[in-house]
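To find a chain, count down the sequence lines: A is the first, B the second, and so on, and within it residues start at 1.
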Amino acid sequence: MSVPSWINAKLVAGSTVILFVVMLGLLGPWIWDTTQARVASCPLNLPPYGFSPPNLTFQPAQLAHPLGTESSGRDMLAVLITGTPNSLLVGTIAAGIGIVIGTLLGLTAGFMGGWVGTLIRVMSDAIITIPSLVVLIVISSYVREISLTSMGLLLALFAWPGTTRTVYAQTLSLRERGYVQMARLSGASTLSIMVFELLPNLMPYLAACFTASVSGNILAATGLEALGLGPSRIPTLGMAISNAVRGAAILRGMWWWWGLPIAMLILIFSGLFLITIGLDEVANPRLRRSEGNAR
Amino acid sequence: MKPVGIAIKRFVFIGLLLSVAGCSLHAPKSDYDRRETVVFDLETRVLAPNMWNPYVPGARLEHGFHQCMIEPLFILNTETGIIEPWLGLSMTSNETLDVWTLALRPEVKWNDGVPFTADDVVFTINLLLKNAPSLLFSGPMKQWVARAEKVDALTVLFHLTKPNPRFKLDYWSVKIANSVTILPEHIWKDKDPLTFKNYEPGKGWPVFTGPYKLDRFSETSFSYRRDDGWWGAKAGWKPLPAPKMLEWVWQGTEEMRTAAMVDGSVDSLCDITLGAYQALEHFRGDVMAWTDGPPYVWLDPCPRALEFNCGHPPWDDKEMRWAMNYCINRDVIVAVAYEGTSMPSKHFFPAYPPLERFTRILEQNGAYDRFPVWEYNPDKAREILESKGYTRNRYGYFEKDGKELSVTVTTHEAAIELQRVAQVVVEQLQTAGINASHRSEAGGTWMDNGSLGNFDARVGWMACGSVSEPWSSMDTFNASWMMPDGKRAQYNIWRWKNEAYSALVSDMGRMPLGDPRIDDLYWRAMEIWLDELPGIPLTQARKLLPFAQDHWKNWPSKENPYSHPCTWWQSTCKMIHEIKPVAPDPGKAP
Amino acid sequence: MSYPLLEIKDAVKHYGGSLWSGQRPVAALQGCSLSVHGTPASITAIAGESGSGKSTLASAVLGFVTLDSGQVRFMGQDLATMDRHLRFNYRRQVQAVFQDPYAAFNPFYRAGHLFDLALRHFKLAASHQEAKDRIADALHRVGLSTADLKKHPHQLSGGQRQRMMVARACLIEPKLIVADEPVSMVDASLRSMILDIMLRLRDESAISFLYITHDLSTAYQIADDIHILFRGTVVESGPTAEVLGQPRHPYTRTLIESIPAPDPARRWNAPLTTDWENEHTEPSTDCCFRSRCPEAAEGCPHGIPGLSPISEGSSHQVACWRANTQR
Amino acid sequence: MSTMRGSSLAYLIRRLAMFALTIWLGLTLMFLIPRMAPGDPIAAMVARISSQAGRVENSEQMIQAWRTRFGLDAPLYQQYGRYLWNSLHFDLGYSMAYFPMKVEDLVRAGMPWTLALLSIATVLSFLVGSTLGALMGWPASPRALRLVLPAALCFTSIPPFMLGILLIYVFAFGLRWFPFAGAYAHEFPPGRNLDFVFSAVHHGILPATAIVVTTMGFWALGMRAMMVTTSGEDYMILAQAKGLRPRRLFWMYGVRNAILPQVTSLALSIGGIAGGSVLVEYIFTYPGMGYLLYQGIVNNDYALIQGMTSILIIGVATAVLIVDLAYPLLDPRIRRGDL
């Protein structure tokens with residue numbers, strides 16, 4: 001054990017990827033002219049530098065737009081630099097709020113039971129039964145201009161009930177464990193048992209929920225954007241993809257238009273996934289193989 | 001263990017399915033020949049496919065219904081401005097424009113063999129009058145028609161409530177999209193027109209006069225089979241149309257629609273972007289559009305504009321509207337939003353040949369020297385704004401009394417073209433120091449917000465209406481339509497009130513079509529309009545409509561403008577008669 | 001008047017059956033009464049076969065299950081009527097050692113977490129150093145070192161874990177420890193060590209034990225009093241030596257006979273064979289153990305026999321219709 | 001003994017009361033939410049009529065006539081009462097945007113397609129995803145597998161509609177293995193014949209693949225996490241020590257215990273069936289309910305939205321109820337006295 005246990009190759013790799021995306025957002029404007037992510041700021045339909053698609057009538061690639069441009073005159077590099085962190089932000093806001101609220105309510109319902117638990121469960125069940133699309137569209141018609149934050153909050157409205165339910169079920173099963181009884185015998189309050197005894201054991205599952213939820217919410221945002229109901233001036237990966245779909249990018253052979261944003265989505269997802277696996281191994285000592293032999 | 005066992009079985013099952021599907025790649029044999037079929041593109045899915053009543057609110061017409069089953073009385077050719085007779089022979093008015101006489105083509109028969117007569121016309125009008133305002137067209141009929149009177153089997157007199165010089169043009173001539181449908185009395189006479197579906201295959205319903213009969217349909221595709229007993233062929237008026245089958249199929253997104261045409265499974269497409277058309281040309285050389293070279297497009301009668309609510313400060317000030325106008329560079333909009341396939345517009349009329357004369361009147365009178373609508377001049381905009389007391393704040397936006405000059409431009413969620421326009425407009429306003437933003441609203445909401453005046457600015461199809469004469473569009477600015485915010489306005493949703501303009505337009509509306517006095521009234525009204533600029537005209541509405549030529553030829557084009565090319569209009573009934581099969585390749589066996 | 005340390009009166013507890021599986025509800029406790037004396041500290045054993053309601057009894061005492069009827073009284077105070085403050089105090093006074101030393105450790109934490117929890121919530125130590133010392137002391141008593149605190153639960157052996165549990169209970173210094181089969185999952189070599197610790201705690205720290213076991217031999221070794229539990233009721237109780245030496249109840253005798261003796265010459269009595277499920281849930285109108293009573297006679301009346309002293313003033317009590325007539 | 005039966009019955013009664021409460025709350029929300037939207041369904045309808053039929057001077061009168069017809073001029077509480085009553089009778093009324101179509105007819109046309117496509121795709125995705133997740137979370141999985149599987153999950157980050165287009169492009173447009181779009185070849189209208197079934201399956205494969213491939217990652221992630229937790233449990237160590245065969249250990253001890261929370265999620269995912277498939281249905285021009293619901297929303301068609309959502313609400317609530325009642329059977333650790 002010469003290396004501290006939290007230094008885990010997967011965790012480090014995943015964090016590096018996510019950090020890279022965050023840094024893109026923070027430093028992007030210094031390394032690249034991100035105003036080129038706006039409509040009509042560049043020549044249209046340029047292929048990435050070094051590529052010359054044989055089939056269609058594209059202008060020659062320019063070094064000024066190394067990843068090419070799309071058909072509304074947005075520079076793809078600028079779109080990626082601003083859009084990737086933006087998408088991550090929307091997903092994180094929605095997933096973060098959803099997981100936190102869902103976990104709190106699920107733990108409460110599972111551990112306290114009674115009418116509080118019933119109320120929480122009825123509420124979450126009712127929200128689950130409602131098709132979110134209806135509500136999202138209705139609410140989005142009230143918001144003057146949809147910002148990244150309001151988009152994240154909107155999506156968070158529907159991110160919590162699922163978590164509530166699964167955490168509730170988990171809590172029911174965990175709370176009969178011996179260590180919960182021990183904690184009770186040690187005079188721990190209900191709240192402290194929920195937070196210090198149950199929560200850590202839910203962590204691997206919650207981390208997985210979070211990873212899934214971040215990408216799920218990015219996709220949900222993409223769906224809203226594809227329906228034309230997202231923020232239109234702030235670039236996100238979803239906006240880039242839905243523009244590509246609307247602009248027949250595949251048929252036109254403009255792979256850079258749809259392929260690059262998807263590559264960035266995969267990057268975000270992989271980063272979060274690595275972090276999840278890494279966290280599991282750090283947080284759940286039994287998974288550490290080197291130590292497992294002591295058993 | 002159990003669910004896993006099922007899982008494995010599922011895997012195996014799906015694997016088998018996949019391999020079976022992979023083996024049988026050839027489309028199953030159909031009972032009709034693709035070479036004798038014309039397949040049209042359907043822009044949206046039809047959610048109520050078994051509804052063949054053209055008058056109920058849920059009715060849809062553009063899936064072939066009014067193209068090949070319902071025939072119009074007359075058809076306006078937007079290219080020539082000529083109204084061509086179809087089921088009708090003539091329709092003329094008296095001097096005072098309040099009695100119109102319709103003469104019907106004598107040889108017309110419903111497709112069940114019953115003759116089409118003045119009784120059917122009178123029956124239809126009475127049906128609409130009785131059920132006003134719930135049925136389509138019943139509102140306008142109630143408004144205009146006092147009484148329809150049968151003179152003889154082929155002649156009907158319309159007694160109007162007040163003079164209307166456009167009675168024939170607006171309602172009976174497929175001016176835009178469709179016209180009033182005549183119903184067969186012998187089928188409809190005892191039915192409740194609000195709930196009657198008019199569909200019963202066993203009885204041969206729906207019954208109309210068109211050369212095709214309904215064959216089969218689903219929510220996504222509609223097939224019609226040629227009725228070889230069609231009255232027109234029997235009477236020798238026109239030969240039978242060449243296609244044995246017509247189909248309208250919903251293909252989904254632009255990408256899919258275009259791919260379907262590359263694939264050869266569709267012969268005509270509704271509007272696509274330039275990029276998709278280029279891809280189409282790349283994959284198959286034989287496609288054609290309205291024009292041979294760029295911009296390829298046909299212009300739709302509803303030009304695009306940036307519309308303000310002229311009742312909302314600061315947009316109630318015409319100078320502010322002019323300032324906005326100077327911020328907008330229409331060439332960039334055309335270049336970016338349309339990829340060069342449209343043209344800027346200086347007014348709210350479509351650039352159709354019959355209207356060119358009116359556009360020329362404006363130019364001859366030097367209107368655009370005095371009112372430089374096309375001028376992109378941010379400096380002038382700045383001057384105006386500064387003269388109004390606006391100053392730039394630290395974010396670079398204009399501000400007055402601590403309030404930032406901002407505007408939200410709304411668009412219809414389904415109108416991608418207008419969203420692209422709005423995005424460019426917003427960027428241009430932002431560059432000029434106006435904090436503009438853009439939002440798409442759900443269709444119903446957008447329409448409602450429009451008529452209630454619940455908007456600041458929107459990109460819409462302002463003043464749609466004129467095709468061959470200028471009054472229809474001009475009247476949409478008439479103060480007589482004016483409603484306060486929160487009350488539903490039919491027209492003039494922009495809440496622009498100008499008495500002088502309204503008086504001039506009202507005068508125009510009472511004159512017969514083609515009256516020489518109209519020109520002067522027109523010019524005086526337009527002078528006011530341009531000075532006030534209640535909305536900012538942006539571009540013409542273009543439609544890029546590709547046709548495939550591997551199975552069918554003689555599609556309409558700018559060189560061959562026998563009809564407009566939009567296949568969702570009722571005027572397509574003419575196109576159907578004109579297209580011809582490409583001669584079968586003699587080398588190939590049939 | 002002085003109360004016994006712990007008194008259980010007419011405890012009744014049912015577990016609901018399931019509509020779906022068709023199980024009938026199970027009666028875990030039906031009218032069970034017993035008491036544990038605190039002065040001087042004593043070890044009271046509760047013995048019975050599995051399913052006899054022992055563990056439910058333990059849970060009821062620890063407050064993990066609420067009784068359908070009956071009372072658990074601690075120093076005269078009814079557990080059900082305690083307010084927050086009293087309940088917290090009760091926690092402090094009544095601790096437990098469970099059968100399964102694996103489950104008692106939160107897999108997320110190192111072993112020391114259990115000690116920290118108790119110290120923190122019961123505010124047992126004024127300073128960090130004091131806490132350390134007390135833990136070290138408690139560990140020392142069970143033969144463990146403080147180095148083991150840093151280990152993860154899965155790195156400890158079963159015996160180590162159970163000793164930790166005992167050490168934890170010592171640390172808190174309660175008045176009563178409920179030891180629910182503390183040695184049944186522990187190696188034989190460690191068994192005597194843990195039992196020995198219990199005796200030392202009784203004698204040196206005045207901690208009483210409610211020792212729950214199915215194993216009469218360990219009960220015989222350490223318990224002062226014993227209660228034989230069968231189907232949720234006490235069938236025989238009294239001083240351990242007396243009850244096990246001269247069992248009066250047929251069930252007690254069966255239990256004793258089923259202990260394998262380390263004498264190959266002696267034959268092991270036939271194990272208890274009955275249709276357990278059926279018997280357990282059948283509503284009892286007969287004498288409640290008739291079906292398993294080797295001495296059941298036609299003359300046995302219906303109904304549950306009450307617990308009564310075998311002779312005037314004796315603390316050895318038995319519940320059997322024939323107890324007084326035979327021998 | 002009666003009290004024992006009673007507690008079980010009481011549980012059932014309480015659970016049923018919760019079920020009713022959930023449905024009531026869901027229905028109420030779906031009554032209020034569309035009415036909160038700024039649009040007016042009748043005005044939208046009239047606007048559509050007049051855009052098709054030219055100018056109407058008396059539109060206000062027309063709107064009023066339709067309002068009366070749809071009962072929208074009644075006070076809100078009356079509308080609410082009627083709505084609840086009708087929902088419970090599955091009397092969904094007339095659609096506003098597609099009058100005189102009945103909501104029931106519209107739904108009946110779309111429902112089978114959506115149900116067939118999405119339920120098969122969801123179940124497949126659940127099974128494939130959970131298996132992948134279980135393999136990933138299983139310490140004894142082959143190393144190669146543990147490297148390859150995460151790559152399969154990358155598809156999860158692609159929007160389903162985008163993947164749909166790519167699939168069409170490759171398999172329908174390029175390789176011509178599958179049809180472009182639609183639910184069946186229209187040479188074979190729906191009926192009880194093999195041709196139709198074959199063509200429906202043939203048409204369903206691409207959209208189902210798009211859904212399965214893009215959603216299985218979510219199941220996999222959840223399953224992996226549960227598997228990780230489970231494989232550390234003591235009973236696993238015990239089972240291992242007992243020398244059980246790895247395969248048996250994996251399925252009976254690992255998967256069986258880890259899959260419980262997944263089953264809950266599966267029941268919940270039914271709710272997403274209509275709403276979640278809008279874009280996939282759109283891309284594949286599949287005649288399902290998602291598009292119908294979307295059209296209902298953009299047209300503010302209260303009747304259509306309410307009719308469809310009340311079906312969904314009741315369906316999801318029932319699925320959840322069943323899972324809840326079955327849960328103690330699957331997981332005996334959960335005592336159900338503690339509702």
Side-chain angles (χ1 to χ4, degrees), chain A residues 113 117-118 121-123 125-135 137-138 141-142 161-162 165-166 169-170 172-173 176 201 204-209 211-212 215-216 218-219 222-223 226-227 238 241-242 244-245 250-251 258 262 265-266 268-270 273 276-277 280 284 286-287 289 295, chain D residues 14 18 21-23 25-26 29-30 33-34 36-39 139 150 153-154 156-162 165-166 169 217-218 221-222 224-226 228-229 232 237 260-261 264-265 268 271-272 274-275 278-279 293-294 297-298 305 308-309 312-313 316-317 320 327 331 333-335 338-339:
Chain A
T118 309
R121 294 183 57 207
V122 166
M123 269 180 37
D125 280 10
I127 301 270
I128 284 169
T129 58
I130 293 177
S132 55
L133 192 70
V134 182
V135 185
I137 291 177
V138 168
S141 64
Y142 273 102
R165 231 175 185 287
T166 35
Q170 283 298 294
L172 281 195
S173 130
E176 300 301 328
N201 285 291
Y205 190 71
L206 290 180
C209 279
T211 311
S215 35
I218 292 179
L219 294 189
T222 310
L227 292 173
I241 292 172
S242 55
V245 169
I250 299 180
L251 200 66
W258 56 268
I262 283 183
L265 279 180
I266 292 177
I268 292 182
F269 180 83
S270 313
F273 182 60
T276 313
I277 301 181
D280 277 352
N284 196 339
R286 286 181 295 196
L287 289 179
R289 294 177 162 226
R295 191 179 283 155
Chain D
R14 263 186 299 174
M18 243 185 86
L21 211 59
T22 307
I23 289 180
L25 191 60
L29 286 173
M30 285 327 295
I33 289 168
M36 277 162 49
L153 292 195
C154 285
T156 300
S157 37
I158 303 176
F161 61 91
M162 184 74 219
I165 296 181
L166 287 172
Y169 195 67
F218 297 104
L221 283 175
R224 196 200 70 90
M226 283 318 294
V228 162
T229 312
I237 298 165
L260 285 170
T264 315
S265 308
L268 302 184
V278 176
L279 286 164
L293 181 62
Y294 183 65
I297 299 168
V298 297
I305 299 175
M308 292 189 61
T309 51
L312 287 175
I313 287 169
V316 177
V320 168
Y327 216 90
D331 188 354
R333 285 172 300 187
I334 291 172
R335 296 207 323 264
D338 314 291
L339 171 75

S.K.: Using the side-chain contact (heavy atoms from CB on, under 4.5 Å) criterion, which residues pair with A/Thr276? Sequence neighbours excluded.
M.R.: A/Ala207, A/Ala208, A/Thr211, D/Arg224
S.K.: Identify the heavy atoms of A/Ile266 and D/Cys154 that sit nearest to each other, and give their distance.
M.R.: CG2-SG, 3.6 Å
S.K.: Measuring from atom OG1 of D/Thr156 to atom CZ of A/Phe269, what distance do you get when rounded to the nearest 0.5 angstrom?
M.R.: 4.5 Å
S.K.: Taking all non-hydrogen atoms of both residues, which atom of A/Ala126 and which atom of D/Leu25 are closest, and how far apart?
M.R.: CB-CD2, 3.5 Å
S.K.: Within the structure provided, determine whether D/Val320 and A/Arg165 are in side-chain contact (heavy-atom separation under 4.5 Å).
M.R.: yes
S.K.: Before you tell me yes or no, could you show the steps for D/Met18 and A/Asp125 under side-chain contact (heavy atoms from CB on, under 4.5 Å), namely the whole-Å CA-CA distance, both residues' side-chain angles and the distance that decides it to 0.1 Å?
M.R.: CA-CA 9 Å; D/Met18 243 185 86; A/Asp125 280 10; 4.2 Å; yes
S.K.: Under 4.5 Å heavy-atom distance to chain D, tell me which part of A/Ile262 shows up: side chain, backbone, both or neither.
M.R.: side chain
S.K.: Which value, rounded to the nearest 0.5 Å, describes the distance between D/Leu29 atom CG and A/Met123 atom CE?
M.R.: 9.5 Å
S.K.: In terms of heavy-atom proximity below 4.5 Å to chain A, should D/Ile313 be classed as side chain, backbone, both, or neither?
M.R.: both
S.K.: Quick check on D/Leu166 against chain A: is it the side chain, the backbone, both or neither that has a heavy atom closer than 4.5 Å?
M.R.: both
S.K.: Any chance you could lay out the side-chain contact (heavy atoms from CB on, under 4.5 Å) test for D/Tyr169 and A/Leu251, step after step, and finish with the verdict?
M.R.: CA-CA 8 Å; D/Tyr169 195 67; A/Leu251 200 66; 3.8 Å; yes
S.K.: Please report the closest heavy-atom contact between D/Phe218 and A/Ser215, naming both atoms and the distance.
M.R.: CE2-OG, 4.3 Å
S.K.: With a 4.5 angstrom heavy-atom cut-off, is it the side chain or the backbone of D/Ile165 that approaches chain A, or both, or neither?
M.R.: both
S.K.: At a heavy-atom distance under 4.5 Å, which candidate from A/Ile218, A/Thr222, A/Ile268, A/Ile127 has the highest pair count against chain D?
M.R.: A/Thr222
S.K.: Might you point out which heavy atoms bring D/Ser157 and A/Leu219 nearest each other, and give the distance in Å?
M.R.: O-CD2, 3.7 Å
S.K.: Enter the distance from A/Arg121:CZ to D/Thr22:OG1 here, rounded to the nearest 0.5 Å.
M.R.: 8.5 Å
S.K.: Relative to chain D, which segment of A/Leu206 carries a heavy atom at a distance below 4.5 Å: side chain, backbone, both, or neither?
M.R.: neither
S.K.: Can you check side-chain contact (heavy atoms from CB on, under 4.5 Å) on D/Val316 and A/Ile128, steps first, answer last?
M.R.: CA-CA 8 Å; D/Val316 177; A/Ile128 284 169; 4.1 Å; yes
S.K.: For D/Ile158 and A/Leu265: C-alpha separation, side-chain torsions, deciding distance, then whether side-chain contact (heavy atoms from CB on, under 4.5 Å) applies.
M.R.: CA-CA 7 Å; D/Ile158 303 176; A/Leu265 279 180; over 6 Å; no
